[in-house]
There are 4 protein chains.
Amino acid sequence: MRIGVLTGGGDCPGLNAVIRAVVRKGVGTYGHEFVGFRDGWKGPLEGITRPLGIPEVRGILPRGGTILGSSRTNPFKIEGGVERIKQNLADMGVDALVAIGGEDTLGVATKLTELGVNVVGVPKTIDNDLGATDFTFGFDTAVNIAMEAIDRLHTTAESHHRTVVVEVMGRHAGWIALHAGLAGGANVILLPEQKFDLDKVVEHVETRFKTNYSPIIVISEGAMPTDGDMITLNGELDAFGHVRLGGIGNWLADQLEKRTGKEARAVVLGHTQRGGTPTAFDRVLATRFGLHAIDAVHEGDFGKMVALRSTEIVRVPLADATRELKTVPPHRYAEAEAFFG
Amino acid sequence: MRIGVLTGGGDCPGLNAVIRAVVRKGVGTYGHEFVGFRDGWKGPLEGITRPLGIPEVRGILPRGGTILGSSRTNPFKIEGGVERIKQNLADMGVDALVAIGGEDTLGVATKLTELGVNVVGVPKTIDNDLGATDFTFGFDTAVNIAMEAIDRLHTTAESHHRTVVVEVMGRHAGWIALHAGLAGGANVILLPEQKFDLDKVVEHVETRFKTNYSPIIVISEGAMPTDGDMITLNGELDAFGHVRLGGIGNWLADQLEKRTGKEARAVVLGHTQRGGTPTAFDRVLATRFGLHAIDAVHEGDFGKMVALRSTEIVRVPLADATRELKTVPPHRYAEAEAFFG
Amino acid sequence: MRIGVLTGGGDCPGLNAVIRAVVRKGVGTYGHEFVGFRDGWKGPLEGITRPLGIPEVRGILPRGGTILGSSRTNPFKIEGGVERIKQNLADMGVDALVAIGGEDTLGVATKLTELGVNVVGVPKTIDNDLGATDFTFGFDTAVNIAMEAIDRLHTTAESHHRTVVVEVMGRHAGWIALHAGLAGGANVILLPEQKFDLDKVVEHVETRFKTNYSPIIVISEGAMPTDGDMITLNGELDAFGHVRLGGIGNWLADQLEKRTGKEARAVVLGHTQRGGTPTAFDRVLATRFGLHAIDAVHEGDFGKMVALRSTEIVRVPLADATRELKTVPPHRYAEAEAFFG
Amino acid sequence: MRIGVLTGGGDCPGLNAVIRAVVRKGVGTYGHEFVGFRDGWKGPLEGITRPLGIPEVRGILPRGGTILGSSRTNPFKIEGGVERIKQNLADMGVDALVAIGGEDTLGVATKLTELGVNVVGVPKTIDNDLGATDFTFGFDTAVNIAMEAIDRLHTTAESHHRTVVVEVMGRHAGWIALHAGLAGGANVILLPEQKFDLDKVVEHVETRFKTNYSPIIVISEGAMPTDGDMITLNGELDAFGHVRLGGIGNWLADQLEKRTGKEARAVVLGHTQRGGTPTAFDRVLATRFGLHAIDAVHEGDFGKMVALRSTEIVRVPLADATRELKTVPPHRYAEAEAFFG
């Protein structure tokens with residue numbers, strides 16, 4: 001069997017671990033051959049490949065990023081895109097694809113499956129917001145990076161008697177903010193799932209200052225105050241039509257400074273959260289996803305995606321990946337509220 | 001309500017996070033009062049306490065160890081021990097206990113419950129070998145520490161053309177070896193669950209050297225070769241009757257050096273794996289365990305232990321904690337074998 | 001002897017290590033007594049103290065921040081401030097002060113010395129820009145934090161084919177940018193010491209993209225382009241009259257996006273650089289500074305500051321601390337240019 | 001000019017950073033060509049090379065180990081070795097060598113220089129014991145790794161009321177023990193430079209237990225008690241005639257357990273100290289060493305070694321590298337004694 005591998009969407013620690021596991025087991029156990037497609041769906045679309053065998057995957061387990069490159073290219077938005085992919089796969093003798101990516105990449109994979117392309121999917125999102133799996137790799141790394149930043153900021157907040165607002169990733173789901181906030185001992189955690197009441201935040205900040213400790217607030221980039229004005233703030237687009245990150249953290253720090261009369265500073269963690277070496281949890285999860293994805297390919301069980309359920313890897317229909325966004329449920333947010341103020 | 005808290009058994013990152021969560025929610029949400037018992041069951045047995053309120057738990061979330069101290073004291077092995085505990089609790093007006101510990105500590109808790117003491121248990125084992133919960137806190141930290149050591153040892157193994165044997169914790173269950181080995185890219189992983197064939201290990205080592213890379217072997221302290229001689233090796237006792245750690249790693253390195261004719265070195269990670277600041281995963285899990293344990297106490301739901309099932313915290317009978325050792329199942333070890341050699 | 005200790009200015013990893021060393025040696029070797037003054041010069045000015053003995057300094061070596069708190073209070077800007085300090089010291093029987101701080105704190109110390117107060121100074125600046133010492137503590141920690149962020153950003157830059165601009169601390173001196181840029185493998189480093197030519201930066205970025213790798217630019221918050229317009233950008237003040245950090249990194253990312261036609265993102269590391277546990281270098285330097293400062297106090301050698309020269313700690317006149325800003329000399333910047341593009 | 005590069009001796013974080021700097025500046029600034037010799041002096045001796053240009057050094061800055069491999073081969077101990085090296089260099093058109101290594105590697109370099117080979121040396125020893133330079137790269141990384149282990153062991157020592165003995169590298173010089181012990185807050189530090197009195201160590205351990213804290217002892221692998229029996233202990237040889245590491249740490253833990261009646265455990269950090277990614281200090285130092293070494297080669301200033309003096313890189317005669325071992329001077333050890341007990 002000749003199998004293509006591609007990675008799409010945003011960077012995420014663990015991508016290389018998946019690629020390595022797919023190739024190590026595919027070659028070593030099953031005797032398959034591999035083709036690396038570059039830059040997500042752009043690779044099969046334009047027939048851009050790179051060699052992918054045991055030597056190419058040596059030493060990549062601890063490395064962030066993806067040796068295959070990534071892009072957000074969507075063949076369904078390109079005239080004749082799907083036909084070109086099918087033709088390229090046929091020309092190269094590629095029997096099946098392992099597609100590693102998030103909502104967009106797996107959305108394409110789902111539709112291609114329906115059109116007769118043999119695809120097995122591996123879910124990837126740093127935001128942990130795919131409903132079909134307990135966790136996605138990359139998330140644990142992001143949470144640890146954010147937690148370490150919060151650990152560092154605690155001492156500075158206290159030495160300076162300042163409020164520190166830490167803005168983390170999460171446009172639609174607040175998982176990173178929730179976990180990093182719990183792990184870092186935040187005094188307030190604000191998520192996209194629940195609009196926040198600025199008056200209450202001010203109250204928590206003031207309570208905290210009274211204890212002689214300084215408040216740390218962790219906020220998702222997609223969180224918004226109840227009055228809803230923030231939509232404009234977050235809606236700003238860059239030259240490529242991508243929504244700009246950032247904004248809410250600085251806005252909140254300004255508001256808190258004015259309302260509490262104490263200095264406040266925002267720290268926007270940004271892209272440091274999605275690069276670099278993965279944690280053990282993410283390396284193990286990504287490796288197991290890769291092993292089980294190549295098993296599915298080998299068994300011809302296409303149109304499926306691997307997923308974590310409790311401690312086991314299972315297969316679910318690819319379409320499940322994109323069916324619904326997994327947001328933070330109210331009872332999980334309620335847990336965290338025990339530490340507010 | 002007046003509630004006692006104690007921590008028993010070996011050190012484990014996350015103990016302080018549990019204590020903090022219990023106290024923060026117990027005081028802040030429910031208005032309970034707390035008594036800290038020192039050094040595990042020795043505390044209630046001898047009536048040794050320390051104050052435990054909001055001020056005492058400030059800043060302890062990121063710290064390893066336990067502010068309450070620990071011991072392996074077992075009141076059932078002490079003449080009149082149980083009666084003294086019951087009397088001490090009555091004298092101090094303590095209505096209920098939160099007992100945080102492993103098999104031994106929770107075994108005592110189970111029996112005390114049957115004798116009418118109000119206990120809620122929180123499971124703790126760095127080895128992750130309690131059957132009633134998907135994961136225990138401390139395990140993720142230990143795996144990350146071991147993985148970081150393996151990452152470092154890879155480059156040295158290669159620069160020196162040496163075999164490196166890394167001995168990790170795990171006397172009866174190989175979870176740390178399995179996860180750290182997968183995460184660190186080990187070439188062989190050896191567990192207590194499955195006696196190893198030295199000839200096969202030699203073969204993997206030689207295969208690895210042929211690729212111009214150097215082998216890393218991760219081995220649990222409790223792993224044994226098929227010929228079984230190692231029982232004596234691991235059976236050595238210290239002055240206190242505790243089984244000595246170590247031994248198998250150095251034994252294996254010696255064997256490999258002789259059999260392959262290439263230098264081999266053992267690194268015994270030892271106690272560095274069980275101290276220090278917890279990872280985000282462990283801080284979140286420990287925090288959630290603490291929150292749910294105090295809920296159980298508040299509801300009077302005694303004789304229970306909190307446990308992780310998938311992404312939710314549930315309550316299970318305390319007796320379940322110690323019913324059976326959760327060892328690495330064969331299919332999980334088989335996954336890892338894809339990377340051997 | 002009864003000795004007061006205070007910490008002033010911005011947060012800096014290693015402050016607690018200095019305090020601990022001063023107290024441990026002062027009590028243990030010399031039998032001195034200590035008074036902790038809170039929040040920099042505000043402490044002696046308003047007579048706000050906290051106990052400071054062996055128990056208070058236990059466990060603080062690895063902790064960021066300062067157990068004494070900090071402020072930017074300047075008694076020379078307060079009517080009768082100096083007299084109040086002298087009176088308070090006399091009332092409390094304080095014979096001498098150890099003042100730990102940067103330019104401002106040591107500037108006050110210098111003037112107080114001239115007015116008869118017994119002071120020994122310990123230099124502190126995360127920016128490493130004090131002329132009288134080879135290094136200050138805190139700097140190595142800041143550089144390592146920035147380097148780790150750059151390590152992480154490399155993989156993301158490459159997976160996304162993006163330019164990443166990393167803004168680090170350094171308003172007047174570029175030491176953090178120089179060292180973090182060298183250590184992180186930056187493709188361009190921009191410092192306050194040398195205005196940068198935007199055209200050249202664009203050129204380096206384009207050269208880098210041609211190699212199939214993605215550019216990382218490390219820039220000091222105080223760097224400016226040759227046209228000088230940035231002065232306004234950086235001149236913005238907050239509600240307390242403090243100059244706002246940030247600005248130049250985002251400005252540069254915008255410019256590069258427009259000029260190169262490839263996405264560019266800025267990451268502003270901000271306060272994460274000045275908090276948290278110190279590196280070994282900083283703990284050793286801070287500890288040695290503390291030991292030598294208390295030696296100077298014990299010998300009555302006031303008006304001095306401890307300083308690192310090569311591998312030894314020496315004493316220099318306090319006035320030297322503030323005499324001139326140590327900026328990055330041209331030959332050090334020229335070294336780094338070997339890696340540009 | 002055609003220049004050979006080789007790395008000899010034990011693994012040391014920063015080797016790749018030197019290689020990268022030499023090649024980046026050599027090719028980019030001077031237009032030189034490079035040949036990579038494999039495995040130390042074995043490479044030129046047997047004519048084993050690997051390509052070494054800009055592509056080969058991409059991405060190696062943060063990686064431990066050496067892409068050139070290493071060995072302890074000494075051409076002066078091999079019949080006709082020197083002649084073969086000279087012939088091989090002539091045959092390959094290699095005009096000069098950059099030799100990166102410790103006492104042995106630079107000893108060979110010194111003698112070859114006298115025999116007309118053009119060599120520039122770069123000093124390397126994790127032990128920091130070369131007299132001609134303030135610091136060598138790799139040392140700071142080793143100290144940080146040891147410090148992090150000590151940080152972790154503190155909490156375990158305390159939770160278990162145990163003595164923990166941490167054995168670090170340093171057969172003849174105690175720099176790693178001194179710095180890691182200071183940075184980690186050790187209660188006793190024992191070095192090869194000064195035989196230790198076991199009674200005094202026992203006394204410090206008992207003093208420490210009285211404070212309710214648990215003792216951490218940091219000991220160099222080459223430290224010895226005053227009665228000198230340890231010579232045998234450390235003299236054990238492995239199958240290759242190399243002295244075995246370890247021994248003294250376990251011996252001391254046993255002694256302390258017997259003498260104090262409290263449990264004691266040894267942790268031997270071993271090879272984890274010499275692998276993996278370098279710290280910022282080591283990356284900057286190694287990079288600057290590389291840049292200055294290639295400058296020396298370019299200027300034809302052979303028979304020299306680069307060295308750090310205060311904050312500047314200087315050139316010293318190669319022979320200085322091996323003239324004398326830089327051990328810990330008594331006044332530096334005396335500094336640390338302020339924290340004993």
Side-chain angles (χ1 to χ4, degrees), chain A residues 7 9-13 15-16 39-40 63-72 141 145 148-162 164 166 212 214 238-240 242 244-246 250 253-254 257-258 261-277, chain C residues 7 9-13 15-16 39-40 63-72 141 145 148-162 164 166 212 214 238-240 242 244-246 250 253-254 257-258 261-277:
Chain A
T7 53
D11 195 17
C12 190
L15 288 168
N16 281 327
D39 297 343
R63 290 201 223 149
T66 159
I67 58 167
L68 298 176
S70 184
S71 77
R72 299 193 184 272
T141 304
I145 294 170
E148 284 165 24
I150 298 168
D151 278 359
R152 292 198 170 275
L153 291 166
H154 268 295
T155 66
T156 302
E158 260 140 56
S159 306
H160 291 198
H161 313 293
R162 266 182 192 163
V164 174
V166 186
N212 245 324
S214 296
D238 71 10
F240 299 82
H242 299 168
R244 277 233 183 277
L245 302 182
N250 284 300
D254 281 348
E257 194 162 285
K258 280 178 203 145
K262 305 228 175 190
E263 281 190 87
R265 288 286 181 272
V267 174
V268 181
L269 296 183
H271 284 77
T272 51
Q273 291 162 88
R274 63 189 323 143
T277 196
Chain C
T7 52
D11 194 18
C12 190
L15 289 167
N16 282 328
D39 298 342
R63 290 202 223 149
T66 160
I67 57 167
L68 298 176
S70 184
S71 77
R72 299 192 185 275
T141 303
I145 294 169
E148 284 165 24
I150 299 169
D151 278 0
R152 292 198 171 274
L153 291 165
H154 267 294
T155 66
T156 302
E158 259 142 53
S159 305
H160 292 198
H161 312 294
R162 266 183 191 163
V164 174
V166 185
N212 247 324
S214 296
D238 71 10
F240 298 81
H242 297 167
R244 278 231 183 276
L245 303 183
N250 283 300
D254 282 347
E257 195 163 285
K258 280 178 203 146
K262 306 226 173 189
E263 282 189 88
R265 287 286 182 272
V267 175
V268 180
L269 296 182
H271 282 77
T272 52
Q273 293 161 89
R274 61 187 327 139
T277 195

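All chains are named by letter (A, B, ...) in the order of the sequence lines, taking the proteins before the strands, and each is independently numbered beginning at 1. Only this structure's heavy atoms are used, side chains among them; waters, hydrogens and symmetry mates stay out.
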Top of A/Arg274, A/His160, A/Lys258 for chain C proximity - count of heavy-atom pairs under 4.5 angstrom: A/His160
Region of C/His161 that comes under 4.5 Å of a non-hydrogen atom in chain A: side chain
One should read off an interatomic distance between C/Ile67 CD1 and A/Thr155 OG1, to the nearest 0.5 angstrom, of 13.0 Å
Would you mind telling me which of C/Leu15, C/Ile145, C/Val166, C/Ile150 has the largest number of heavy-atom pairs within less than 4.5 Å of chain A? C/Ile145
Top contributor to chain C interface from A/Ala157, A/Ser71, A/Gly65 [non-hydrogen pairs under 4.5 Å]: A/Gly65
Run A/Glu257 and A/Lys262 through side-chain contact (heavy atoms from CB on, under 4.5 Å) and show every step you take. CA-CA 5 Å; A/Glu257 194 162 285; A/Lys262 305 228 175 190; over 6 Å; no
Hey, mind stepping through A/Thr156 and A/Val164 against side-chain contact (heavy atoms from CB on, under 4.5 Å) and telling me if it holds? CA-CA 9 Å; A/Thr156 302; A/Val164 174; 5.8 Å; no
Heavy atoms only: give me the nearest C/Ser159-A/Asp11 pair and the separation to one decimal. OG-OD1, 3.5 Å
Name all residues meeting the side chain to side chain contact (heavy atoms under 4.5 Å, CB included) criterion together with C/Thr277; count only those two or more places apart in sequence or in a different chain, and write none if there are none. A/Arg152, C/Pro62, C/Arg283
At a 4.5 Å cut-off on heavy atoms, which part of A/Ser214 comes close to chain C: side chain, backbone, both, or neither? neither
